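Data block below; observations after.
Every heavy atom of this structure was used, including side-chain atoms; hydrogens, water molecules and symmetry mates were not. Just so we're on the same page: letters track the sequence lines, and every chain starts at 1. Predicted model only: the values in this text are computed from it and were never measured.
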Amino acid sequence: MGCGVTKSDQFHKQSGKAVTTIKAAVLIQRWYRQYVARTEMRRRYTWHIFQSIEYSGEQAQIKLYNFLGYLMDNFTPSSNERNLISHIFRENEVCRDAEWERYFSYENIEVPDIYSGPHLTFPLTVEQAFGLVEAFRNKKQLHSRYVLQLLLETWKLLRMLPNISRISTCHSKEITICGDLHGQLEDLLLIFYKNGMPSLENPYVFNGDFVDRGRDSIEILLILFSFLILYPGDVHLNRGNHEDHIVNLRYGFTKEVLTKYKLHGKRILKLLQKIFSWLPLATVIDQKVLVLHGGISDTTDLSILTRLDRHTYISALRPPKKRHMSSATASIDSDMDDDIWSANRMSQRRASLTYPKPIGTKECFHNRSLQDFSERIRANIEALEMCKRQVHAHAQAQDQAQAQAQTNSPISSSDVDSVSLSCESIRSYTAKDEWRQILDLLWSDPMTQDGCIPNEVRGGGCYWGPDITEDFLLRHNLQLIIRSHECKQDGYEFCHNRKVLTLFSASNYYDVGSNRGAYVKMGPDLVPLVFQYQASNMTRELTVRQSVGRTERSALKVLREQLFAHKSDLMSAFKKFDSDNTGFVPLNDWASAVESVMHLDLPWRMLRCQLVTCKTTSDGMIDYYEWFSELAIKGHKDTDHIDQSLLETLYRHRSTLETIFRMVDTDNSGFITIEDFRQTWKLLSVYLKMEITDEAISDIAVTIDSNQDGSIDIDEFMEAFRLTDKKSRLERGRSMFMVTATDLTKLEGDPNI
Amino acid sequence: MAPKKKEEPKPAAPAAPKPPEPEPPKVPEFDPTSVTLEFTPEQIEDFKDAFQLFDRTPTSEMKITYAQCGDLIRALGQNPTNAEIMHVLGKPKPEDMQTKMLDFDQFLPIHQHICRAKDRGTFEDFVEGLRVFDKEGNGTVMGAELRHVLATLGEKMREDEVEQLMQNQEDANGCINYEAFVKYLLSS
C-alpha cells in the first residue's frame with residue numbers, strides 16, 4: 001500500500017487547482033469586461049438619441065424664428081398673419097424706465113390672508129433668503145406681489161452691472177462655479193447642501209441656463225436673484241442661451257410661469273424679458289479665468305463685448321433693430337419703424353443665423369462662412385449709409401410731428417445724444433457684429449479639430465477648435481475658459497488641452513440616472529476642483545445596469561414616437577427602395593431610408609433590434625407595414641373623425657405648433673381666439689408647405705372649443721390631441737419614471753432591465 | 001589516504017537530462033495583412049455602425065483610439081483578454097493608447113482575428129469556472145472569495161469594477177448563486 005499521494009502529486013494537484021482558479025478568474029474577468037463594454041455602448045447610443053433630439057429641437061426653433069421673420073418682411077402690413085406675430089418682432093418697449101416701473105407696479109396686488117408662502121420685505125435680509133429656499137424646498141410658491149417686487153429690485157441692480165464681471169479670489173474665499181441648472185431645483189438645493197449658501201465668504205458664479213425644461217425654473221431664478229441682491233459683490237450670474245423669451249416659448253419656462261401665476265404671469269414674463277437682457281455676459285476671475293455660457297468663436301473680442309449695450313439684445317436670436325440710432329423715435333410709433341427698416345431688416349436677419357444643412361467638408365464651411373462674412377460686411381456698409389440718411393430724415397420728421405401732435409415721449413436730450421453717439425460707434429463696428437459676438441458667446445460648442453465652423457446642429461453660434469482657444473487665450477492674456485451649455489455624463493469635461501472646461505449642473509438631465517451634475521471650486525491658485533453629485537435618492541439605489549436600462553427605454557420610447565410622427569415620409573422613402581411594392585425592404589435600405597427622413601445621424605442598424613420588434617424574414621428583410629402598425633400611437637376618441645395625416649402632422653410638429661400658439665397668444669393668457677387659431681393653422685401650413693383645408697381646421701376648432709365660447713385653451717388643445725403626453729420626455733417635467741422607492745422593487749424583478 | 005573523489009558539484013541542471021523546458025511559444029507579431037476577412041457585408045455594416053458610435057472625431061473621420069479598440073470588440077460580442085487585445089494592437093506603449101488611432105479598415109482584421117480565436121467560453125465553461133469556488137458544492141460561492149480572486153488573480157480587476165460586477169448579487173449570507181449570476185451577466 002502506498003503512502004497515498006506523493007508529495008509531488010499533491011503539488012501537481014494544487015498547482016493544477018491554482019491553474020484552474022486562474023483560468024476561472026480570467027474567464028470571469030473577460031466576461032465582465034465584455035458586459036461593461038456593451039453597457040457603455042448602450043449608454044452611448046441612448047445619449048446620442050437624447051442629444052440629437054434636443055439639438056434638433058433647438059435647430060427647429062431657430063428655423064421657425066427665421067421663417068416668421070421672413071413672413072414679417074414679406075407680408076403686407078395689413079395681412080392677418082403679420083398682425084398675429086408682429087408683436088414678437090416689435091420692440092414695443094418704451095425708452096424710459098419710469099414708464100416701465102409703472103407697468104410693473106406691484107403695490108396694488110394684495111396678498112390674501114390665506115396665503116401660506118413666504119412674505120418678503122425689502123431691503124431683503126439673509127433670513128428671508130434662507131426662508132425662501134426653505135419654502136421652495138417645501139413646495140411653496142411665492143406670491144406674485146413679492147415676485148414682482150423681487151424682480152424689480154433685481155432689475156435695478158443688474159442695470160448697474162458691467163457686461164463682464166471681474167472678480168478676484170483670495171485665500172479665505174474660494175469661488176464656486178455652477179453650470180446649467182435648467183429648472184431643476186433639487187440640484188441647486190443639493191449644491192447648497194454640499195457647498196453652503198452664497199455669502200460674503202462663499203462667492204458663487206452661476207453660468208446661465210437657469211430656466212426651461214425643468215419644472216422649477218422660476219423658483220431657481222427667485223433664489224438666485226435673492227442672493228444676488230443680498231451679496232451683489234459675491235454672487236454673479238451669466239446669461240445663457242435659455243435666458244431668452246423666444247427660446248422659453250418652446251422649452252417650457254413661459255408655460256411654467258403662466259401656469260403658476262395665472263393672474264400676473266404676463267407681467268412677470270415681461271419683466272423677466274428685461275432682466276434677461278440685463279444679465280451680464282461673462283465673468284473673469286483674477287483676470288485669468290473666463291467664465292461664460294456657450295463659448296467663443298474666431299471673432300470673439302472681449303473689448304467689443306465690454307463696450308456694447310447688452311440690454312438691447314432682448315433675444316440672442318434676433319439681430320438688433322437699429323434702435324439706438326432711432327431711439328428718439330422708438331416704439332410708440334413702431335409701425336412706422338417697421339416700414340422704414342423692413343428692407344434692411346431682411347438682409348440683417350437672414351445673413352447671420354446659420355441654416356441647418358447637411359454637414360459638408362471643413363473646406364466648404366470655411367469658404368461659406370467667409371463668403372457670408374464678406375457679404376455681411378457689404379450689406380452692413382450699405383445698410384449703414386442708408387440708416388444714416390434715414391435717421392436724419394426721421395429726426396426731422398419727428399421734430400415736425402412733435403411740434404404738432406402731442407406725443408407721449410418727447411425726445412429727451414439724452415436720446416439725441418445717444419443717437420449721435422451711436423452714429424460714432426457704428427463706424428468702428430456694426431450692431432450686427434455686436435449681435436454676432438453675443439450669439440457666439442451664448443450658443444457655441446467646442447470641437448476637437450482646429451478651425452471655426454458654423455454650429456449647424458444647434459442652428460446658432462459656431463464650433464470652435466483648440467487653435468482658436470490658444471489664440472484667444474493668448475490675445476486676452478487668459479489661461480482657462482469655463483463654459484457650460486452641453487450636458488456631460490460626469491457633469492464636467494475638459495478639452496482643448498485642458499484649457500476649456502465644460503461644467504453642467506443639472507443631474508439626471510435626460511432621464512433618471514443619465515448623468516451626474518458638477519460644480520467647481522477655485523482658489524487663488526486658479527486650479528479648478530470638481531465636485532460631482534446626482535440628485536434623487538433613487539439613482540443611488542439603482543445599479544448602473546438598471547440606470548442604463550431605464551434611460552435607454554425612455555430614449556427609445558421618444559424615438560419611436562418621432563418615427564411614428566414621420567410615418568408618411570418614411571413610407572415614401574421605403575417605397576423608393578421597394579419599387580416592386582413587395583412591402584419588404586432589406587435592412588440596409590431600411591436604415592438609409594430612416595436616416596434620410598429623420599436626419600438624426602443615429603446608428604439605425606444598431607438600434608434596429610430595439611425599434612423593429614416584428615419578425616424580419618430569414619434574409620433580413622423588414623416588413624415595413626407591419627412595423628408601422630406596431631409603432632402606432634392611439635388617437636383620442638374625440639379625434640377619430642379627424643384626418644389621420646393631419647393628426648400625424650400635428651404630432652410631428654407639436655413643439656412648433658405650441659410655440660406658435662404661445663406667440664400668437666399676445667397677452668400670455670393661455671387662450672387664443674378661434675380666429676387666431678385659424679390664422680395659426682394658415683401660418684403653419686405655409687411653413688410646412690402643406691395644404692390644410694379650411695374644413696379640416698374648422699373640424700379641429702369645433703372639437704376643441706367644447707364650451708363654444710370662441711376661445712381655445714392652448715394646453716387643453718395640446719393634451720386633447722395627445723400632443724403633449726404628460727409622460728413624454730420631450731416636454732420636460734417629472735415623468736412616470738420618477739417612481740417612489742417602493743416601486744423600485746418592481747424594477748428589480750423586471751427581466752427587461 | 002586517497003582523496004575522496006569528490007563528486008563534481010552538480011551543475012544547476014539536474015543530473016538526469018531534463019527534457020528541455022518548452023520555450024514559451026514564440027508568438028509571432030500580429031500581422032493584419034495575413035488575416036483574410038470572412039465577414040458578410042451585413043456584418044460589416046453592423047460593425048460600421050458600432051464603430052461610428054465610438055468615433056469621437058466631430059467630423060466623423062471613422063477613427064477610434066487604441067484604447068477604445070478593446071471596448072469596441074467586446075461591445076460587438078467578443079470577450080478577449082486584455083493580453084489578446086494588446087497583441088493584436090502590436091503591443092503598444094501605454095502612452096500610445098490614448099493617442100494612436102485606428103480607422104475602420106485597420107480595425108476589421110483585428111476584429112476578425114479575435115472572432116476566430118478558439119476557446120471563447122460558453123455558458124457552461126463559465127459556470128464551471130465559478131464552480132471551482134463552490135466549496136460546499138451547493139451551487140453558491142462566497143462573494144468575498146470571488147471578490148478577492150477577481151482583484152488579485154488573472155487580469156486583475158479594480159475594486160470599483162469588482163463592486164460594480166457584484167452589486168446586489170450577494171444574498172444575506174454573502175453568497176452568490178452562480179448559475180443565476182452567469183445568466184445575469186450574459187443577458188445584457
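Taking 4.5 Å as the limit, some side-chain heavy atom of B:Q164 sits within range of a side-chain heavy atom of A:V36.
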Exercise for the section: Apply the test side-chain contact (heavy atoms from CB on, under 4.5 Å) to residues A:R605 and B:Q52: give CA-CA distance (whole Å), side-chain angles for both, the deciding distance (0.1 Å), then the verdict. Expected result: CA-CA 11 Å; A:R605 291 184 62 99; B:Q52 268 171 336; over 6 Å; no
Problem - Evaluation steps, side-chain contact (heavy atoms from CB on, under 4.5 Å), between A:M41 and B:D71 - result: CA-CA 9 Å; A:M41 174 108 99; B:D71 289 334; over 6 Å; no
Exercise for the section: Take B:L146 and A:I28, measure what side-chain contact (heavy atoms from CB on, under 4.5 Å) needs, and give me the verdict at the end. Expected result: CA-CA 10 Å; B:L146 194 55; A:I28 298 172; 3.9 Å; yes
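For the set A:M606, A:H48, A:E40, the entry with the most heavy-atom pairs within less than 4.5 Å of chain B is A:M606. Ranking B:L150, B:L76, B:T152, B:V162 against chain A, the residue ahead of the rest is B:L150, based on heavy-atom pairs under 4.5 Å.
In this structure, B:L153 and A:A25 approach most closely via the heavy-atom pair CB-CB, 4.1 Å. Nearest heavy atoms, B:A75 versus A:A37: N-CB, 3.7 Å. Of all heavy-atom pairs spanning A:Q29 and B:V149, the tightest one is NE2-O, 4.5 Å. Between B:D49 and A:P603, the closest heavy-atom pair is OD2-C, 3.4 Å.
Of the atoms belonging to B:I73, not a single heavy atom falls under 4.5 Å from chain A. Only the side chain of A:L587 comes within contact range of chain B, with heavy atoms under 4.5 Å apart.
A 6.0 Å sphere centred on CD of A:Q532 holds more than 12 heavy atoms belonging to other residues, nucleotides or ligands.
A salt bridge links A:R608 to B:D46: at least one charged side-chain nitrogen sits closer than 4.0 Å to a carboxylate oxygen. Salt bridge A:R30/B:E84: absent, no basic N to carboxylate O contact under 4.0 Å.
A distance of 13.0 Å separates CZ of A:R38 from CZ of B:R74, quoted to the nearest 0.5 Å. To the nearest 0.5 Å, the span separating CE on B:M157 from CZ on A:R33 amounts to 6.5 Å. For the atom pair B:N79 CG and A:Y35 OH, the distance stands at 15.0 Å (nearest 0.5 Å).
Judged purely by atom type and a 3.5 angstrom limit, B:E155 has no side-chain atom pairing as donor or acceptor with the backbone of A:V26.
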